[in-house]
Amino acid sequence: MPRFVTRAHPLRAALLAAAALCALAAPARAAEPRLSDGKLKLAVLNDMSSVYADSTGRGSVIAAEMAVKDFGGTLDGKPIEVVFADHQNKPDVGSNIARQWYDREGVDVILDVPTSSVALAVQQVAKEKGKLLIVSGGGTSDLTGPQCSPTGIQWTYDTYALSHVSGNAAVKKGLDTWAFVTADYAFGHALERDAIAEVKRSGGKVVSTVRAPFATADFSSFLLQAQGSGAKLIAFANAGGDTVNAIKQAHEFGLVQGGQTLLALLINIDDVHSLGIEVAQNLLLTTAFYWDRTPETRAFGTRFKEKAGLMPTMHQAGVYSSVLHYLKAVQAAGTDDARTVIAKMREMPVNDMFATNGRIREDGRMVHDMYLMQVKTPKESTGEWDLYKLVATVPGDEAFRPLAEGGCPLVTAAK
């Protein structure tokens, strides 16, 4: 920039004034991002060692790193760093890590956070600190309901969408009596609650519910109770290793052979791969992402598998999408200030291999299409990861809870 002086030659002053007018008429350049500490620091917080390690874990870190690389690796020459930690599925551990990251380590955004009780605890910390949290792995719909936050986003799925899409389809197929085997913690409770509401709304009936402790190894007593209920459908309101163990044992006990249908309200492709197609065939499920759905998802899935050894789950694909959108928003906003960035994220549509014209509502819900899938039979599958066939695409406005029904104080205050 030229530096103006107070005592310039008259001709020189006139030339400088003309140059200034030309500059004003020229298109404005985007401001260089104002980063509070000269860099962006992204932190993945999830389960690295327990039942959700394959569904989130190191794979979510890889997804975040892929998004940073695809963005360009830096933000106008400033570094973008990705760090990670294991919250051990404990709310106190997750909260303590989040506080340390936000307060002392310069973290700008925390990502993923499976285990709903941990996600709720971390969202409270982020709200107190005025920092950004983007949840991909945590599923409770309370994150965008009564416990919504002005700096919190729920990206990939929630218990309402899983229950609404799967529950409505199952009852329509005539599976109108349900028994639940539910994980006894926040996510399981929310998933059961939302599924029961959908079953009743669709004209079905719940005849039995039983709750199993987190990380249960032996589901025999819970399965026998569900079997004895006479329900046409047994729904597993759990996730990760709990879902895999429950379905394996249900298969061993002959529940399907006895005429009952199994439904996993939340199951990821790594879980189905672990079960094997013989055990999982014909299972109905709801997902936000499947690697073989479009040319773009196939390209991403192939790249991810080369790095991670497994095809991406919807949680991991959601981390990739959320990181890419976040970086674009920081660049467009010209700052890493959480409130400014989240406003820009809401303003910009989400368009990538994960979502088409996705949008972030004022309650923090990222609205996008959801997919009802069915596990293929061994005869239908053509390869190790050729596991799903598309039954229905459910538009986001139908899949996710209506904004007015969530009880988010931010929405109530805006009215």
(request) Please determine if E65 and K307 form a salt bridge, counting it only when a charged side-chain N lies under 4.0 Å from a carboxylate O. (result) no
Show me, pair by pair, the donor-acceptor contacts under 3.5 angstrom made by side chains of residues 391-399, not counting sequence neighbours?
from: D397; atom 1: OD1; to: R359; atom 2: NH2; distance (Å): 2.6

(message) I'd like to know if the side chain of S202 and the backbone of G204 have a donor-acceptor N/O pair within less than 3.5 Å.
(response) no
(message) In terms of relative ring orientation, are H273 and W385 parallel, tilted or perpendicular, with 30° and 60° separating the classes?
(response) parallel
(request) Mind checking the CG-CZ spacing from L327 to F71? Nearest 0.5 Å is all I need. (result) 5.0 Å
(message) With a 4.5 Å cut-off on side-chain heavy atoms, are V125 and Y102 touching?
(response) yes
(message) Under 4.0 Å between a side-chain nitrogen and a carboxylate oxygen: does that hold for D337 and R339?
(response) no
(message) Tell me if a side-chain donor or acceptor on Q316 pairs with a main-chain N or O of D54 at a distance below 3.5 Å.
(response) yes
(request) Evaluate the ring planes of F300 and F304, with Trp represented by its six-membered ring, and classify them as parallel (under 30°), tilted (30 to 60°) or perpendicular (over 60°). (result) tilted
(message) Tell me whether D108 is salt-bridged to K131, with the criterion being a basic N under 4.0 Å from an acidic carboxylate O.
(response) no
(request) Would you mind checking if K205 and D176 are paired as a salt bridge, meaning a charged N to carboxylate O distance below 4.0 Å? (result) no
(request) Determine, for R193 against D142, whether the closest basic-nitrogen to carboxylate-oxygen distance falls under 4.0 angstrom. (result) yes
(request) Take H315 and Y157 through the ring-ring contact (aromatic ring centres under 6.0 Å, His included) test and state the conclusion after the steps. (result) CA-CA 8 Å; H315 310 311; Y157 76 109; 5.2 Å; yes
(message) Could you check whether any side-chain heavy atom of D270 comes within less than 4.5 Å of a side-chain heavy atom of V272, counting everything from C-beta outward?
(response) no
(request) To the nearest 0.5 Å, tell me how far K248 NZ sits from S274 OG. (result) 4.5 Å
(request) Mark yes or no for whether Q123, through its side chain, and Q147, through its backbone, hold a donor-acceptor pair below 3.5 Å. (result) yes
(message) Parallel, tilted or perpendicular, judged at 30° and 60°: which one describes the rings of H368 and F400?
(response) perpendicular
(message) Taking the ring of W291 and the ring of F289, is the distance between their centroids below 6.0 Å?
(response) no
